[in-house]
Amino acid sequence: MCGEWTSQRYTAMSDTNHPLLANLNDAQREAVLHTGSPLLILAGAGSGKTRVITTRIAWALETLGTRPQSVAAVTFTNKAAREMEERITSMTDKALGVTVRTFHSFCALLLRMYGSACGINTSFLIYDETDAMTLLKNLLKQQYAKNEIKQLFEDIMRAKDLCIAPDGDVERINRNPAFAEIYRQYEERLAATGNLDFGDLIMKTVFLLREHSDVRAAVQMRFSTILVDEYQDSNAAQFILLKELYGPGTSLSVVGDDDQSIYSFRGAEISNILTFHESFPNTRVIRLEQNYRSTGRILAAASAVVSHNQGRLGKTLLSTRGEGNKISLRFVKDNETEALQCAKLYDENPDMETAIIYRVNSQSRSFEEVFTRFSIPFLLVGALRFYERAEVKDAIALLSLFVNPKDEIAFRRIINTPVRGIGEKTLASILEYLPEAKGDVLESLRLSLDSLSKRARSGAQVFLALYQDLAGQMDLTTTSMFIHEAMFKSGLYDFYRGQDKAEGTAKYQNLEELVSAAQAFPGGKDALATFLEGTTLRAPEYEEPAGKRVMLITAHNTKGLEFDRVIITGCEDGVFPMIRTNMWEEPDREAMEEERRLFYVAMTRAREQLILFSARRRLLFGRWSDSSPSRFLAEIPQETLDIKDNTSKPESMDTRFQRGDRVFHDDFGYGFVVESSIKEGNEAVKVRLDSGRTAVFIPEYTSLMKVEGE
DNA sequence: CAAGATGTAATTTTT
DNA sequence: TTACATCTTG
């Protein structure tokens, strides 16, 4: 499968002494210098792919006379975009004006520039998945059950990933004849709000370029140098987009690694990279197989695992770094022990840069708990995203109405938060005036006033007054001040401050954080719109782990990152690989291969040390469930492993609790330990509670905690 | 209409 | 276990 793509001989090069080319290996240099035809860089993990792509841009700007305005570098994640921009800027002072964006935000840019040609309201806001789902729910909740709606929603999203409009080949996705109609209605409703969903950003851009040759020509002229990072994660729509962007004078280069394709659930198609050379004739393929990141053992283990996949080009990564230590594989009895051992690893070597990687966000909990208990500094990456928190979404909904008064979803969300006596019934009767109000929700509210009950009417009037008041201020102040005023006058500040202490404060602080997030924005409607686009399309930046914070992160989120020490947790079948619980479905080879690639990504993040944890049982939904070791563990060559099994030997004599210990139990409160012994492999602690009662606890199953010096 | 009570479903992964 | 949805009561 890989024979046709053997590395081509590298021919005479221009000035290899140029500082930009210094320290590049032959293949990297070749990739930087290639011109004239599409370029596919197949870059293995840790092979310096970002370095190559950024150097390529810097080289073009410095020596080929490429104008920065003509360069578009497209990535998949904000993190990657941010990093790329930084690196280009540090390489050349000619970088000002280069466009570095995610696919989605690049398309948003194009649609705002040229969208009016195809009737798109160019001051659209972007609905995230929740908003879009709400829209569909409102449309279907009478006729469909919740999980049916969910399925239909996924199908609509998938249609957009495939760039299929309602009048297109929708049978490919859902053969139910009702589907096309539902999809059409959804699009109609969405269009009525004047907003776009994630999928639209790509799909509508494709349609724009496809149907308006003048726009296409202008865009091709404008962005004549296009680079795509993480190309293996592109979906069908993004591939079609590239084809549309690719004109006679376009310099197109893409970088990717088929072994690191981990987004097929979002429509990513590995075939995009596997067949790139067929789609873009005369493609030059360059392979980067020299790994500069990981030790030999880590690389050998990761390569061995991923070699079990069938659908891949195949490559050999060469280590430049010597063997290194063996990979440590530790079996532990449960997820809490796993977390405790991670804490211990930290204590042994607190200065080593460390990431704790897990498959699903919910796994982070035990680490958060244990690390907090032991005062270990950690950074939790992307668990519940800032802009998806309820209070922040409320705030954003309110603000959205000032940019787009047709935003029905935002209106529904904020009209009765804080409570204004407008419930579901009232809301429905207000929205009946929507057609008459030409979609403007505030106008519709105004028109409905006379028909409302007294209580609802006064609430509505308060809201209208608030809106007018704030709208009058919009151009007079900065975005940040405007948001502050809006939070204050709408009562959102008080509403969230008033809630029960701890959580209320956190929510209030999040609102304040939103205010400071807008700091750099001047003021007025356009600035607010730009700020709001950022809230859906851009994750807020977290400070880099200043110093020695352990990073808690999902495997997906680690893409493009590297750490001295990597700890992969939950190496159990069902967890990693994650296996869908549908017993009746046949085991899905492709899904399993994607899990394996994800595991490969996680493994190859490690520079020095790789540690794998596999727990015998794990607390899921508040129930203990037994698990068996991940099948991927068996694919790692034995000679690279150092296995510690702490589960078979009884943790015998050393009981955690001793007579006289002060303890606390979640349900029963404080008490003193009377005695502690091992019974049937578990520690049994007899406690005399302060209430006077005596009870025996198995700390294994209950939350008995030692309380220090009281 | 709001607040409290009760019931139930849920865990992939991200723009 | 928790979060969220739906039902019940004031």
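Quick note on labels: first sequence line is chain A, next is B, and so on, each numbered from 1. Just so it is clear, the model here is predicted, and its values are computed rather than measured.
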What is the nucleic acid contact for [X], judged by heavy atoms within less than 4.0 Å: base, sugar-phosphate only, or nothing?
X       : answer
F103(A) : nothing
T102(A) : sugar-phosphate
E594(A) : nothing
F621(A) : base

Whether N416(A) side chain and I422(A) backbone form a donor-acceptor pair below 3.5 Å:
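Confirmed, N416(A) side chain pairs with I422(A) backbone.
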5′-ward residue of the pair R266(A)/S453(A) relative to DNA chain B:
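Comparing both residues, the 5'-ward one is S453(A).
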So which one's nearest nucleotide on DNA chain B is more toward 5', N147(A) or K425(A)?
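Closest to the 5' end, via its nearest nucleotide, is K425(A).
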Starting from [atom2] on [N], measure out to [atom1] on [X] and report it in whole angstrom.
X       : N       : atom1 : atom2 : value
F576(A) : dT13(B) : CZ    : C1'   : 10 Å
D334(A) : dT1(C)  : CG    : P     : 16 Å
K150(A) : dA5(C)  : NZ    : P     : 12 Å
I357(A) : dT13(B) : CD1   : P     : 15 Å
E154(A) : dT12(B) : CD    : P     : 10 Å
R158(A) : dT13(B) : CZ    : P     : 19 Å
R597(A) : dT13(B) : CZ    : P     : 18 Å
H556(A) : dT13(B) : NE2   : P     : 9 Å

Using a distance-only criterion (donor-acceptor N/O pair, under 3.5 Å, no hydrogens), is the base of dT1(C) paired with the side chain of R365(A)?
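Flag unset: no donor-acceptor pair detected.
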Would you indicate which nucleotide in dA5(C), dT14(B), dT11(B) comes nearest to any side-chain atom of E129(A)?
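Closest nucleotide to the E129(A) side chain: dT14(B).
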Looking at R359(A) and E572(A), is any side-chain nitrogen of the basic one under 4.0 Å from a carboxylate oxygen of the acidic one?
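Salt bridge absent between E572(A) and R359(A).
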Is there a side-chain polar atom (N or O) of [X] under 4.0 Å from OP1 or OP2 of [N]?
X       : N       : answer
T554(A) : dT14(B) : yes
N78(A)  : dT14(B) : no
N361(A) : dT13(B) : yes
N557(A) : dT14(B) : yes

Should the pair F576(A) and F632(A) be assigned to parallel (<30°), tilted (30 to 60°) or perpendicular (>60°) ring geometry?
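The rings of F576(A) and F632(A) stand perpendicular, inter-plane angle above 60°.
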Proximity of Y263(A) and F265(A) rings by center, below 6.0 Å
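That pair passes the under 6.0 Å test.
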Using centres under 5.5 Å plus planes under 30 degrees as the test, is F265(A) stacked with dT13(B)?
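Stacked: ring centres under 5.5 Å, planes under 30°.
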Do you see a donor-acceptor pair shorter than 3.5 Å between the side chains of T337(A) and D334(A)?
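Yes.
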